[in-house]
Amino acid sequence: MKRRLDLNGDAKRPREETGSPTQDAKKQKSVQTKVNPHNQKPYSQNYYKILEKRKLLPVFEAEADFVQLVKEYQVVILVGETGSGKTTQVPQFLVNAGYARKGSKMVACTQPRRVAAMSVSKRVADEMDVPWGQEVGYSVRFEDNTGPNTILKYMTDGMLLREAMSDPKLDRYSVIILDEAHERTLSTDILFGLFKEILPKRLDLRLVVMSATLETEKFQTYFDNAPLMNIPGRLFPVEMYYTPEAERDYVEAAIRTVLQIHCCEGPGDILVFLTGEEEIETAVWRIDADAKEAVAQGKATMELRALPLYGSLPPQAQSRIFDDLPQTPPTRKCVVATNIAETSITIDGVVYVVDPGFSKQKVYNPRIRVESLLVSPISKASANQRAGRAGRTKAGKCFRLYTEVSFNRELTEQTYPEILRSNLGSVVLQLKKLGIEDLVHFDFMDPPAPETLMRALEQLNYLGALSDTGDLTEYGAMMSEFPLDPQLAAMLLNSPKYKCACEALSIVALLSVPTVFFRPRERARVADECKAQFTHANGDHLTLLNTYHAWKTAGESQSWCQDNFVNQRAIKSSDSVRTQLERIMKRFNLSLESTPFSSREYYPNIRKCLLSAFYMQSAHREAQGHYTIVKDAQVVKLHPSCVLSTKPDWVVYNEFVLTKENYIRTVTDVEPEWFFLCAPHYFDLDAFPSGEVKNSLQRLRRKMIKEGQLKEEEE
DNA sequence: CTAGGTGTA
């Protein structure tokens with residue numbers, strides 16, 4: 001039987017009824033003496049001010065019951081909707097209960113996003129009346145704000161996973177809280193499986209899984225019928241509206257709905273969910289135009305200002321959504337956003353939500369080994385999360401641009417977990433490093449398709465990270481230390497051999513951030529002309545390298561970025577990545593010595609090194625002028641952003657982009673001879689499908705043998 | 001003729 005503890009009904013019951021008399025006496029006493037047990041200082045005024053607000057949180061009353069559950073059970077599941085206060089309060093319950101002590105084990109709470117880890121830890125430090133970074137801190141990539149006194153640590157789930165690689169039993173923690181578990185990020189899912197392995201070996205360790213939604217049965221079953229505690233959320237009511245019939249064009253319908261709200265509904269801002277940058281920019285433009293017309297025709301009494309919001313928008317433009325709009329004339333705000341407004345960015349003051357029911361979602365096709373983004377219907381959980389955005393400050397309304405029947409019957413309960421939609425190359429590498437030998441029997445909450453696992457194992461075996469028996473090689477163990485995709489890590493590890501480690505570091509860092517080339521639609525031509533200054537005849541990778549060097553030469557100047565249409569945020573962040581990767585390379589004593597720039601081999605060495613890791617992603621130009629992927633025969637085109645004007649016969653590419661067409665993006669010209677020299681095991685031509693690629697490689701191979709560049713092998 | 005948003009000692 002599953003144990004459930006439901007606080008929905010009696011969340012407001014007075015404290016006296018729950019705690020024992022002695023406990024209450026102790027509490028009373030500590031309040032009277034007014035001393036902070038963490039630093040023996042008297043509590044500040046601010047502490048009491050915040051305390052009053054904390055007492056109003058629905059979760060506040062649950063402390064004693066929750067702590068009791070954690071005492072009794074190794075795993076506890078806690079469900080609390082938005083506004084319950086679980087993220088800030090639950091970790092403090094555990095600290096108060098003595099689960100964390102200075103110089104001993106800590107309480108950790110993971111978050112999927114770094115901003116959340118940072119901001120929540122600040123809030124909790126204030127609540128506990130201690131300096132941020134002392135007793136309470138955070139740890140995210142590039143930033144560790146913790147110290148020897150830290151007893152409560154907020155961190156990203158990815159960071160905890162990294163820690164597990166060197167601390168396989170997570171010995172420094174007494175309790176770990178996995179927050180936002182319903183989001184099912186790749187890292188959370190791996191951690192789930194990892195805890196299944198660790199918990200029996202660490203009977204003193206406690207795990208608290210916190211989630212905002214319904215899939216509680218699944219969580220309970222997975223964690224051996226762990227007890228479940230329910231905390232009510234605290235949102236204002238949101239009235240739901242559905243369309244009577246399905247809409248054919250959801251963008252049109254969304255724009256129309258915004259105008260209807262604007263003309264017919266009372267004051268309050270509007271939030272519209274669309275799927276991507278282009279869609280959003282078009283909609284913003286249309287909404288502004290249509291609203292002007294409505295005002296001119298006297299249909300609307302207020303002005304309307306539409307504002308875009310998506311991740312690739314510069315921070316300054318993003319923050320415009322928080323600006324107050326003029327009171328005269330009275331103006332209503334309409335934010336048109338991607339999924340970023342579903343979880344990452346909260347906009348208070350939103351009263352109306354328009355939800356067409358779609359988002360772009362990653363899908364992985366193991367057959368052609370390609371990840372792509374597809375506009376897909378959202379899940380019920382996601383739809384409810386969107387609706388909740390209307391009820392944060394007062395009662396609101398949500399307009400769903402689909403029928404109630406399709407909400408009930410067609411939407412899935414939960415978004416498909418990311419682990420089922422991803423290339424698992426780096427996941428498998430991480431799991432192997434974590435000591436999981438048998439991946440097939442690893443206890444995933446949702447096991448990935450066997451074909452996806454096979455593809456990952458095959459890829460890692462080709463790269464030399466796994467032996468033929470599937471064991472992690474020494475090279476693979478080194479690869480796993482880099483926070484990178486396997487090919488990128490391989491490129492770094494191979495770079496000393498090609499005497500281009502510095503250049504490889506720069507290129508790899510630039511490939512792990514969003515593109516540094518800024519290209520606003522209205523100034524696309526100027527932007528392209530600026531990019532042309534950095535163009536290298538051999539392709540995009542070296543063009544990236546040129547851009548990076550130009551930025552460094554210009555003293556990393558902000559105005560230089562503006563003048564040259566370079567995304568400053570992206571290039572700066574690539575520089576932090578580069579520093580981190582360089583540190584790891586130095587730790588492995590890898591030579592950072594470079595080929596002199598004056599040498600004729602400078603650029604060829606970099607291209608060879610690139611090929612030594614990306615040979616599985618190479619393409620050949622066919623007689624008709626299009627490219628086909630080597631060993632795969634998939635027809636592809638060079639992406640329009642590609643700088644190669646000469647259409648070389650052989651290229652290596654960074655990614656396969658599947659949109660209206662099949663594109664390969666970030667492409668570099670390579671010499672076919674290098675295939676046999678850099679990746680002989682992969683270019684075993686007997687394993688190739690017959691066709692133009694095989695024929696021309698066979699001719700080349702014979703020529704190379706004749707000229708003594710290649711040794712003849714047995715037939 | 002140009003892919004969302006998260007994230008990693």
Side-chain angles (χ1 to χ4, degrees), chain A residues 110-117 139-144 146 155-167 180 183-191 273-280 309-313 318 337-345 358-363 370-376 378 382 415 418 421-422 426-427 429-430 433 478 480-485 488-489 512-515 517-521 524-525 527-528 531 540 573 576-577 579-588 637-642 655-666:
Chain A
T110 71
Q111 297 293 318
R113 283 166 289 280
R114 43 187 285 142
V115 199
S139 177
V140 299
R141 189 183 191 184
F142 305 128
E143 259 180 278
D144 182 6
T146 62
M155 63 205 302
T156 49
D157 46 14
M159 185 58 90
L160 183 63
L161 204 51
R162 279 283 146 190
E163 282 189 2
M165 286 186 181
S166 58
D167 180 11
E180 312 289 0
E183 288 191 26
R184 304 290 305 277
T185 66
L186 264 179
S187 300
T188 301
D189 267 23
I190 301 171
L191 286 168
F273 285 99
L274 290 179
T275 66
E277 172 176 344
E278 196 176 309
E279 218 171 73
I280 289 171
L309 177 65
Y310 45 86
S312 57
L313 211 57
Q318 274 189 18
T338 60
N339 257 359
I340 194 170
E342 202 178 290
T343 45
S344 306
I345 295 180
F358 293 96
S359 70
K360 280 193 186 173
Q361 286 168 36
K362 186 163 77 182
V363 286
V370 171
E371 272 184 0
S372 52
L373 289 166
L374 209 64
V375 174
S376 325
I378 59 172
S382 182
T415 307
E418 198 181 6
R421 301 183 278 120
S422 304
S426 60
V427 169
L429 191 62
Q430 282 179 54
K433 176 70 200 246
M478 283 162 87
S480 73
E481 298 281 320
F482 292 94
L484 292 170
D485 274 345
L488 290 168
S512 5
V513 298
T515 180
F517 299 112
F518 180 56
R519 192 176 188 269
R521 224 183 344 176
R525 260 194 55 194
D528 288 343
K531 183 178 167 187
D540 297 307
S573 108
S576 323
V577 174
T579 309
Q580 185 188 22
L581 300 175
E582 186 177 354
R583 212 165 35 229
I584 301 173
M585 285 190 77
K586 282 183 177 157
R587 186 152 51 83
F588 289 137
K637 284 184 175 175
L638 298 182
H639 192 271
S641 66
C642 178
E655 67 189 328
F656 187 119
V657 181
L658 194 71
T659 49
K660 287 166 207 155
E661 300 248 29
N662 296 335
Y663 290 117
I664 50 178
R665 183 158 63 186
T666 316

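Protein chains get the first letters and strands the later ones, always in sequence-line order, with residue 1 at the start of each. Predicted, not measured: the structure shown is a model, and the values here were computed from it.
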*Asks:* Out of B:dT6, B:dA3, B:dG4, which nucleotide sits closest to the side chain of A:Glu277?
*Replies:*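 Selected nucleotide (nearest to the side chain): B:dG4.
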*Asks:* Given B:dG5, B:dT8, B:dC1, which nucleotide is nearest the side-chain atoms of A:Pro640?
*Replies:*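 From the listed options, B:dC1 comes nearest.
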*Asks:* What nucleotide among B:dT8, B:dC1, B:dG7 has an atom nearest to a side-chain atom of A:Tyr663?
*Replies:*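 The answer is B:dC1.
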*Asks:* Between B:dC1, B:dG5, B:dG7, which nucleotide has the shortest distance from any of its atoms to the side chain of A:Arg114?
*Replies:*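 The answer is B:dG7, which lies nearest to the side chain.
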*Asks:* For A:Arg162, check salt bridge (Lys or Arg N to Asp or Glu O under 4.0 Å) against everything at least two apart and list the hits.
*Replies:*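 Partners of A:Arg162 under the salt bridge (Lys or Arg N to Asp or Glu O under 4.0 Å) test: none.
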*Asks:* May I ask you to verify whether the side chain of A:Arg162 and the base of B:dT8 hold a donor-acceptor pair under 3.5 Å?
*Replies:*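 Answer is yes: a donor-acceptor pair is held.
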*Asks:* Looking at A:Arg519, does any N or O in its side chain come under 4.0 Å of the phosphate oxygens OP1/OP2 on B:dT2?
*Replies:*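 Checking B:dT2 against A:Arg519, no side-chain N or O comes under 4.0 Å of OP1 or OP2.
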*Asks:* Side chain of A:Glu655 only, heavy atoms from C-beta on: which candidate in B:dA3, B:dT8, B:dT6 is closest?
*Replies:*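 Between B:dA3, B:dT8, B:dT6, the one nearest the side chain of A:Glu655 would be B:dA3.
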*Asks:* Rounding to a whole Å, what distance do you find between A:Arg665:CZ and B:dC1:P?
*Replies:*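 Rounded to whole Å, this separation is 16 Å.
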*Asks:* Residues of residues 183-191 of chain A with any non-hydrogen atom less than 4.0 angstrom from an atom of DNA chain B: list those, numerically ordered, please.
*Replies:*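 Correct list: empty, so none.
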*Asks:* Which residue lies toward the 5' end of DNA chain B, A:Arg421 or A:Ala116, if each is placed at its nearest nucleotide?
*Replies:*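 By nearest-heavy-atom nucleotide position, the 5'-most residue is A:Arg421.
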*Asks:* Does some side-chain heavy atom of A:Met155 sit less than 4.5 Å from a side-chain heavy atom of A:Thr146?
*Replies:*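 No; the side chains remain at least 4.5 Å from each other.
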*Asks:* Below 4.0 angstrom from OP1 or OP2 of B:dT2, is there any side-chain N or O of A:Ser641?
*Replies:*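 No.
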*Asks:* Considering only B:dA3, B:dT2, B:dG5, which nucleotide approaches the side chain of A:Ser372 most closely?
*Replies:*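 Of the options given, the side chain of A:Ser372 lies nearest B:dA3.
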*Asks:* Identify, with sequence neighbours excluded, every residue that meets salt bridge (Lys or Arg N to Asp or Glu O under 4.0 Å) alongside A:Glu279.
*Replies:*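 Residues passing salt bridge (Lys or Arg N to Asp or Glu O under 4.0 Å) with A:Glu279: none at all.
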*Asks:* Only counting residues at least two apart or in another chain, list the ones meeting side-chain hydrogen bond (donor to acceptor under 3.5 Å, both in side chains) with A:Glu143.
*Replies:*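 A:Glu143 satisfies side-chain hydrogen bond (donor to acceptor under 3.5 Å, both in side chains) with A:Tyr138 only.
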*Asks:* Just to verify, what does A:Ser187 make a side-chain hydrogen bond (donor to acceptor under 3.5 Å, both in side chains) with, not counting sequence neighbours?
*Replies:*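 Listed in chain order: nothing, the list is empty.
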*Asks:* Mind checking what makes salt bridge (Lys or Arg N to Asp or Glu O under 4.0 Å) contact with A:Lys531, not counting sequence neighbours?
*Replies:*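 Checked A:Lys531 against salt bridge (Lys or Arg N to Asp or Glu O under 4.0 Å); zero matches.
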*Asks:* When all nucleic acid strands are considered with a 4.0 Å heavy-atom cut-off, which category describes A:Tyr310: base, sugar-phosphate, or nothing?
*Replies:*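 Answer is sugar-phosphate: A:Tyr310 comes under 4.0 Å of backbone atoms only.
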*Asks:* Side chain of A:Met159 only, heavy atoms from C-beta on: which candidate in B:dG7, B:dT2, B:dT8 is closest?
*Replies:*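 It is B:dT8.
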*Asks:* More 5' along DNA chain B: A:Phe482 or A:Thr659, using each one's nearest nucleotide?
*Replies:*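 The residue closer to the strand's 5' end, by nearest nucleotide, is A:Thr659.
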*Asks:* Under a 4.0 Å N-O cut-off, is there an ion pair linking A:Arg113 with A:Glu180?
*Replies:*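 Salt bridge absent between A:Arg113 and A:Glu180.
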*Asks:* Taking only N and O in the side chain of A:Thr156, is any of them less than 4.0 Å away from OP1 or OP2 of B:dT8?
*Replies:*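 Answer yes for this pair, as a side-chain N or O of A:Thr156 is under 4.0 Å from OP1 or OP2.
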